[in-house]
Amino acid sequence: MKGFALEQITDFTDFTRGGDLTEFLKQTNNVFNMNNCRSHPVRVSPDAQHIHAFLQKPKRGLVTFDRIQRVAVAQSPSYMDTGSALSIPIVELLYLDSGSKDRSALVAVILENGKAEFWKYWERKAGWDLLQTSDLCNSTSAKVVSVCSSGKFIIWCEERPASESASVFSAARNNFRYCICKRTYELEERAVRLGGVKTPLHNSPCYRVLAAREDVYLLPDNQEAAPGNGSKFFLTWSPKQDRMTISTVCKGALLSKTLHSTSKDSDYKTLISECIGMLATISPPQICSVAPTSCGGLLLVLSSGCISLLQSDGVLRQIYTLALSCPLDCSNQISMQIYGSTLACIVYRTLYLVDTSTGRLLENIALKTDGMLFLNSREKNGIHFLSGTGMYVVKESGVDPTSKQLGHSDTARPDAVLVEAVFEEACRYYQRRSLSSTQLTVEKLKSGGMFQAPIALSSILGVYMKTKKASELPQGGGGYSKLLASLGAELESLMALEQLKASVVSASDRKLSVSCETLVGQEVNRLLFSDLDRDNLLYLNVIFKTFPRESWQALQASLQLGSNGEGFLTAKAAPEVWKTVLSPVQAALAPLSSGQQQASSNGAAPVFELICRSLFTFQPKWLPRFVELAQQQAGASSWNYGGKESPESVPLYKRALCVLPREGQAQELQVELLLCSQRPNAVMQAMHILLELRRWERVAEVAQRFSQQSPLLNKEIFTTLLCEVSQHRDLDPYLDLLWTLCPEDMTVTSILNIVLKSLPLCGREPGPFRTDRSQMSIGMLKPLLIKVLQRETKPSQRYADILQSPSFPPPTPPRQPRSVTEPAMATASPPLSSISSSVNDTSVDEGCSSPHHENK
């Protein structure tokens with residue numbers, strides 16, 4: 001069994017003024033008394049040979065404790081102390097890259113007023129010398145709030161005083177009075193030469209800057225909480241490339257942008273403007289503690305107890321979740337660092353050791369006092385921490401001869417450990433969601449083929465595979481080869497998605513448009529060739545709403561829409577696509593009334609309505625023809641689309657009418673949709689719309705076309721037009737066509753009754769003789785009446801055989817009973833010429849002519 005133990009390196013007796021150092025660390029746990037909630041008041045040099053303490057009370061100052069190298073020189077050392085003469089607070093102490101081979105340390109003490117003191121430690125005389133004091137900021141009124149060093153750069157966040165004109169504005173604007181600056185440095189023989197000040201980011205909120213190798217992380221300061229959405233994200237900046245990345249703890253990297261020298265590109269508001277909408281919709285957990293790592297990443301401890309690593313490539317990886325009895329906040333004492341492949345974290349006087357490759361807890365060690373982890377450049381994989389009683393290192397106890405040292409993976413085959421960790425996590429996942437009380441084991445999961453967690457597995461594989469090439473992966477029968485073989489399709493899809501996301505972020509507007517068209521086309525085509533459920537139908541609605549033009553182009557390709565030589569629409573869609581288009585609406589909707597839009601139970605429009613809406617938007621002339629083609633496919637006998645009409649279903653033409661606006665702007669298109677259905681009620685509805693629009697020529701065309709469809713529809717059309725002719729003279733040029741539509745069973749009496757009932761109300765001139773030429777006269781009805789009278793007086797064909805019989809005399813024909821309502825003149829019709837001469841110019845007006853005349 002492998003275990004871990006603490007080994008003390010020093011009790012500070014080999015440090016100058018070791019007793020004072022011990023007393024300082026033991027006083028009220030000064031190791032973790034936060035300095036304005038920004039950082040620990042103790043700094044340890046990279047080689048662990050110097051310890052620096054920031055004094056706060058009763059007087060400000062800096063005290064340095066150096067490890068004694070030779071007893072001879074220990075009697076008269078020179079210290080790097082500021083003592084009680086320092087009235088300006090110290091912001092940070094930085095160990096800079098001296099570039100010298102004599103292992104001498106170069107330290108910069110940054111003060112709040114922008115002053116920088118450069119000290120150098122001479123190992124030969126075991127003492128410190130003040131090289132120079134310089135102004136770090138250009139402005140004497142600037143105030144440094146945070147500073148760090150990365151490579152040959154000194155980076156800081158400075159507060160610039162608000163101008164007098166800005167005082168009249170709201171306090172929210174004054175929150176954006178900070179700037180991020182950088183400056184190069186170079187060590188000469190006994191001086192430090194500073195480069196010019198550059199400001200890559202203007203008008204930003206207060207940020208805390210932390211350096212990890214070549215990257216600088218900008219986190220919102222806890223004291224100066226960023227206004228609005230500024231506290232929801234943090235920035236990652238590469239000083240060499242001048243590239244800024246916006247990241248969150250819940251979404252990872254959102255946006256990466258290269259900064260330029262112009263003030264517009266380096267403005268804070270301009271930088272975040274592209275992702276401000278997404279930031280408003282997320283609520284990331286609170287960051288309780290952060291720590292830069294030697295590998296170039298940033299460790300984050302969230303309020304949920306989750307420890308995550310933000311890698312230099314922008315990937316946010318969860319390592320471990322602390323099992324704590326109470327939630328964390330920014331006031332908790334947390335110290336953490338990564339040593340090789342081991343994460344060390346001190347929380348509540350407990351040291352946690354976690355394997356970063358697998359996320360397994362290796363050990364948790366209870367500490368007697370608080371401690372602060374630090375890196376030792378001489379032992380990079382050794383876990384060192386500082387406490388009030390000395391410096392300690394974590395050692396392994398009971399180590400097998402074949403095992404590796406601490407800081408590396410704890411097994412000889414990390415791939416086997418990873419496989420087991422993946423399946424154990426899957427077991428816990430499925431067990432929580434299982435309705436069975438049977439315990440699920442890894443063996444059952446492997447043998448039964450129940451593992452269905454490709455996303456979780458791919459994220460774990462990505463951590464290991466990102467550092468290896470494909471040719472280096474094992475080709476044998478164990479480890480990653482089995483996992484890759486079972487998840488090859490899922491991994492390819494994920495990689496294709498990641499490549500698409502990367503290309504979208506870096507693409508130009510033209511390439512972005514092409515990529516969008518391609519992606520929408522593939523998605524629409526995939527959905528139309530599948531059996532849509534409710535979720536996919538809602539997804540298709542979102543695609544059509546978000547990308548209307550791209551969706552229309554995808555429809556043209558999937559349905560193979562085009563026009564023939566005569567200009568009519570053609571659709572050569574596959575039967576599977578027609579089945580999806582004409583499939584019944586999910587959840588068996590009730591029939592809708594006229595003008596009511598049909599939609600599924602989840603609020604999404606059916607596929608047929610989506611297509612009709614797209615046709616109306618981009619090619620409205622094709623919509624009636626598309627409805628005709630859809631009706632033909634729905635009535636096909638070789639395929640059962642589920643779209644055949646029943647008394648309870650809504651006809652396709654009514655569903656297409658639902659997509660038209662209700663304001664009457666598309667009445668012409670509405671008429672075409674009604675006519676294409678070829679239903680009697682729809683045809684008459686279209687006829688009434690045309691009459692309201694006074695489209696007389698179109699009325700005549702529709703009447704002539706559909707009068708031959710059925711006798712009942714012909715009679716309805718004739719009656720409607722006869723009523724219309726009785727009211728005005730606009731249809732007079734088409735009277736000859738109207739008389740030809742007269743049904744066979746129509747009589748003179750029924751015609752006159754229709755005309756009398758349809759006449760408009762009387763005007764100012766009573767009597768039979770009126771001067772209003774808009775009224776109908778008997779003379780206008782003369783051709784129709786003559787035609788009907790001729791038809792009535794024509795011998796019946798059923799007596800033709802009797803009349804031609806040779807028998808004499810012929811038998812008396814049966815008498816036909818007279819109708820009660822039929823007038824007496826019907827039994828003996830007068831000559832046609834007499835009717836024609838007497839009523840040629842007489843006006844027909846119901847109620848205007850008196851039926852009785854008295855002789856005076």
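- Contact of the Val107 side chain with the His50 side chain is not registered, since no non-hydrogen atoms from C-beta on lie closer than 4.5 Å.
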(request) Kindly indicate, with the supporting measurements, whether the criterion side chain to side chain contact (heavy atoms under 4.5 Å, CB included) is fulfilled by Val42 and Phe24. (result) CA-CA 10 Å; Val42 174; Phe24 173 77; 3.9 Å; yes
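- Using a 4.5 Å heavy-atom cutoff, the side chains of Phe374 and Arg43 are not in contact.
- Across all non-hydrogen atoms, the minimal contact from Pro200 to Cys181 is CD-CA, 4.0 Å.
- Side-chain contact between Tyr178 and Leu201 is absent, with no heavy-atom pair separated by less than 4.5 Å.
- With a 4.5 Å cut-off on side-chain heavy atoms, Phe118 and Leu96 count as touching.
- Counting only distance, with no hydrogens or angles, the side chain of Thr281 and the backbone of Met278 share a donor-acceptor pair below 3.5 Å.
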(request) Show your working on side chain to side chain contact (heavy atoms under 4.5 Å, CB included) between Glu186 and Thr184 and close with a plain yes or no. (result) CA-CA 7 Å; Glu186 183 178 354; Thr184 60; over 6 Å; no
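- Within the 4.5 Å cutoff, side-chain heavy atoms of Arg243 are placed close to those of Ser256.
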(request) Run the numbers on Phe233 and Leu254 for side chain to side chain contact (heavy atoms under 4.5 Å, CB included), then give the verdict. (result) CA-CA 9 Å; Phe233 65 94; Leu254 299 181; 5.6 Å; no
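- A side-chain contact (heavy atoms from CB on, under 4.5 Å) with Leu309 holds for exactly one of Leu300, Thr356, Ile319, Leu343; it is Ile319.
- Looking at Tyr339 and Leu353, their side chains never come closer than 4.5 Å, going by heavy atoms from C-beta outward.
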(request) Report the C-alpha distance between Val290 and Phe234 in whole Å, list the side-chain angles of each, state the deciding distance to 0.1 Å, and finish with yes or no for side chain to side chain contact (heavy atoms under 4.5 Å, CB included). (result) CA-CA 12 Å; Val290 296; Phe234 53 90; over 6 Å; no
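- Minimum heavy-atom separation, Thr321 to Ser304: CG2-O, 4.4 Å.
- In plain terms, the two heavy atoms of Trp237 and Leu218 that are nearest each other are CB-CD1, 4.2 Å.
- Side-chain contact, Ser139 with Ser141: a donor N or O sits under 3.5 Å from an acceptor N or O.
- Closest heavy-atom contact between Leu55 and Val63: CD1-CG2, 3.4 Å.
- Here the side chains of Ser247 and Tyr217 are not in contact, with every heavy-atom distance at 4.5 Å or above.
- For the pair Tyr207 (side chain) and Ser146 (backbone), a donor-acceptor distance under 3.5 Å is absent.
- Using a cut-off of 4.0 Å between Lys/Arg side-chain N and Asp/Glu carboxylate O, Lys115 and Glu117 are scored as not salt-bridged.
- Using a 4.5 Å heavy-atom threshold, the side chains of Met391 and Leu386 count as touching.
- Tested against Thr293 for a side-chain contact (heavy atoms from CB on, under 4.5 Å), the candidates Leu298, Ile338, Leu310 yield a single pass: Ile338.
- Residues Met372 and Val44 come closest through the heavy atom pair CE-CG2, 3.9 Å.
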